[in-house]
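Here the structure is laid out as structure tokens; the discussion comes afterwards.
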Amino acid sequence: KAKDSGRNQAVYFSKVLDTEIKQKVRLEHKLKHALSENELSVYLQPQYNATAKKFFWAEALIRWIDKEDGFIPPDKFIGLAEETGLIHEIGLFVLREVCAFISKNEAYLTDLGIEGVAVNLSARQFFAKGFLDEIKQVLVEFSVRPEQLEFELTESMVMENTQHAIEIMHQLRDLGIRLSIDDFGTGYSSLAYLKRFPIHSVKIDRSFIRDIPDDQHDVEIASAIIAMAQKLGLEIIAEGVETQLQSDFLHEQGCSFMQGYFYAKPMPFQNVLELSHSESEQKSEA
Ligand code: C2E
Ligand code: MG
Ligand code: MG
Ligand code: MG
């Protein structure tokens, strides 16, 4: 009997595995197709400066709307794209879209106060051999200034091979591109390292913002991260700000830069251009 149930379990697990592999293969196939058929797009989420009371920067976020499955969130396919190497093509696509947009709308963006766009990088892109040259080429092709670009890195990415990561970070920094640490607080980077990274800013992970101001623990963590960033001379931006109370709390703690649904959701490029000054000023009064 015991043997039977063992066998049944094995059959069960092999079926689960089989389904998982099939789903993965299917998704990979669809993703390749989406890339070649131009079904991927890039959205921008404007970031708000609560002291100056205006948007000042934006983050690029990939979007995939599939004909059959509808919206497929990046968390569902970025990992797969990393595993399969498709991330190189996706990353280049995102960067080119962003640079084309900046280049075409430079005057308008300046008028809005949006100084540049942050792009998420994956480990595989960041450590790739030709990465730096590729970036330089794209900047030249679209005549975008490096100061108009930021790369968001994660702690796990730079802790993977810290020495090498710091070298690449310096090369990007020397070009003039800004660097930030995304999802800060969820990884393992020690304070000692943070000081050695040539970064411009840290982004407090959404998970610490969500339950502010009710959760005393998160209130303490967010305050500590803000204080630490200030001591290290780093800019700090909060992710996932959804309420006035969260915004007020962060501002009081000395964090002026915020990103979240309370200020703006990720939106197509065109909608960013339609943001008016009055809109951002109204919001701050609300
Ligand atoms: P992330 O870089 O931490 O991006 C912020 C995520 O938080 C985005 O999710 C954004 O839509 C979401 N968000 C922003 N404000 C709020 C808010 O107020 N409330 C809530 N609940 N969510 C908010 P999204 O677009 O689903 O992206 C998920 C992750 O996928 C990103 O996290 C990033 O790690 C990755 N990703 C997105 N685009 C790219 C890309 O072009 N390249 C790479 N390598 N990764 C990307
Ligand atoms: Mg990010
Ligand atoms: Mg993040
Ligand atoms: Mg993330």
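We count ligands from 1, going down the list as the structure has it; atoms in each ligand are counted the same way.
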- prompt: Which atoms of ligand 1 have any heavy atom of Gly260 under 4.0 Å away?
  reply: 15 (N), 18 (O)

message: Can you tell me if Arg210 contacts ligand 1 (heavy atom of the residue under 4.0 Å from the ligand)?
response: no

Ligand-side contact atoms (ligand 1) for residue partner Gln45, heavy atom cut-off under 4.0 Å: 14 (C), 15 (N)

- line: Answer key: the N, O or S atom of Asp182 nearest to the Mg ion (ligand 3) is OD1

message: Could you check whether any heavy atom of Glu242 sits closer than 4.0 Å to an atom of ligand 1, since that is the contact criterion I want to use?
response: yes

- prompt: Same cluster for Tyr263 and Ile209 if Ile/Leu/Val/Met/Phe/Trp/Tyr side chains link at under 4.5 Å?
  reply: yes

query: Is the distance from the Mg ion (ligand 3) to some N, O or S atom of Asp183 under 2.8 Å?
result: yes

field: Heavy-atom nearest neighbour of atom 38 (N) of ligand 1 within options Thr154, Ile90, Ile62, Val42
entry: Ile62

Closest to atom 46 (C) of ligand 1 (judged by heavy-atom distance), picking from Asp183, Ile72, Val94, Asn120: Asn120

Mode of Arg63 contact toward ligand 1 - side chain, backbone, both, neither (heavy atoms, under 4.0 Å): side chain

- prompt: Is Ile78 in polar range of ligand 1, meaning some N or O pair under 3.5 Å apart?
  reply: no

query: Does ligand 1 have any atom sitting under 4.0 Å from a heavy atom of Glu59?
result: yes

task: Report yes if some N/O of Tyr261 lies less than 3.5 Å from some N/O of ligand 1; otherwise report no.
output: yes

query: In ligand 1, which numbered atoms sit nearer than 4.0 Å to a non-hydrogen atom of Pro266?
result: 11 (O)

message: Using the side-chain hydrogen bond (donor to acceptor under 3.5 Å, both in side chains) definition, which of the options Gln45, Gln47, Lys203 pairs with Glu59?
response: Lys203

query: Between the Mg ion (ligand 2) and Glu239, is there an N, O or S atom separated by less than 2.8 Å?
result: no

query: When you draw lines from the Mg ion (ligand 2) to OE1 of Glu152 and to OE2 of Glu59, what angle lies between them, to the nearest 10°?
result: 90°

task: Would you mind listing which atoms of ligand 1 come within a distance below 4.0 Å of any non-hydrogen atom of Asp182?
output: 1 (P), 2 (O), 3 (O)

query: At a 4.0 Å cut-off, with the gap strictly under it, does some heavy atom of Gly240 reach an atom of ligand 1?
result: yes

task: Hey, can you tell me if Phe55 and Tyr48 have their rings parallel, tilted or perpendicular (30° and 60° cut-offs)?
output: perpendicular

message: Applying the ring pair (Phe, Tyr, Trp, His ring centres under 6.0 Å) criterion to Phe101, which one of Phe269, Phe142, Tyr108 satisfies it?
response: Phe269

